[in-house]
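Below is one structure, written out as structure tokens, with a few remarks after it.
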Amino acid sequence: MSTLKEILTRRPVAATIRLTVPAGAARPAPPVGPALGQYRLNLMAFCKDFNARTQKYKADTPMAVTITAFKDNTFEFTVKSPTVTWYLKKAAGIDSGSSRPGHVVASTVTLKHVYEIAKVKQSDPYCQYMPLESICKSVIGTANSMGIRVVKEME
């Protein structure tokens, strides 16, 4: 339960904005500019903060960001790691998944790849308390739906 003081000091939320922005490449141009501009948020402050937080990732890595815009024109944002599909495509060395998953195999990845992807995804806020085995199963399911075969080790 929240205390009365916490309830009274909460700021009213104007909107929650979800974007996918390349790491270290946030600029006040589309898609960032129009999305934040309509809520009168400080574009340059967001771009500088986002680029500083994502400088450890390679350039052009698609980062999912959730921005909470408040009515007093301030904002908070959380940055998530890239999607599992992006990691799987990089590990498999392909541009897109199979057009007919289950029938046509686009590529193969090893369990070691799956384990490494799960380790990275475990740092996400939503996967923080999930066991690694569950995250691995989720990654394997995503690979199957993309037409990527998971093997124990490469032949």
Identify, with sequence neighbours excluded, every residue that meets side-chain contact (heavy atoms from CB on, under 4.5 Å) alongside P22.
-> A25, D60
With a 4.5 Å limit on heavy-atom distance, are the side chains of [X] and [Y] in contact?
X   : Y   : answer
T78 : T68 : no
I17 : F77 : no
F46 : L41 : no
T66 : R18 : yes

Which donor-acceptor pairs under 3.5 Å do the side chains of residues 81-91 make with protein atoms, sequence neighbours left out?
residue, atom, partner, partner atom, Å
S81, OG, K121, NZ, 3.3
S81, OG, D124, OD1, 2.8
S81, OG, D124, OD2, 3.4
T83, OG1, T85, OG1, 3.1
T83, OG1, W86, N, 3.3

Heavy-atom closest contact ([X] atom, [Y] atom, distance):
X    : Y    : result
G147 : P101 : N-CB, 3.7 Å
Y57  : A23  : CB-CB, 3.8 Å
S107 : A92  : OG-O, 3.2 Å
A118 : C136 : CB-SG, 3.6 Å
L43  : G37  : CD2-N, 4.2 Å

Answer yes or no: are there more than 12 heavy-atom neighbours, outside D72 itself, under 6.0 Å from its atom CG?
-> yes
Distance from [X] atom [atom1] to [Y] atom [atom2], nearest 0.5 Å?
X    : Y    : atom1 : atom2 : result
M44  : N42  : CE    : CG    : 8.5 Å
K152 : T110 : NZ    : OG1   : 12.0 Å
K137 : M130 : NZ    : CE    : 10.5 Å

Just by modelled atom types, is the S138 backbone N or O under 3.5 Å from a matching donor or acceptor in the T142 side chain?
-> yes
Judged by atom type as modelled, is there a donor-acceptor pair below 3.5 Å linking the side chain of T54 to the main-chain atoms of F50?
-> yes
Side-chain heavy atoms under 4.5 angstrom apart, residues restricted to Ile, Leu, Val, Met, Phe, Trp, Tyr: same cluster for [X] and [Y]?
X   : Y    : value
V79 : V32  : yes
V65 : F70  : no
I94 : I117 : yes

May I have the step-by-step check of side-chain contact (heavy atoms from CB on, under 4.5 Å) for Y115 and L132, ending in yes or no?
-> CA-CA 8 Å; Y115 176 76; L132 196 60; 3.1 Å; yes
Salt bridge flag under 4.0 Å for residues E116 and K112 = no
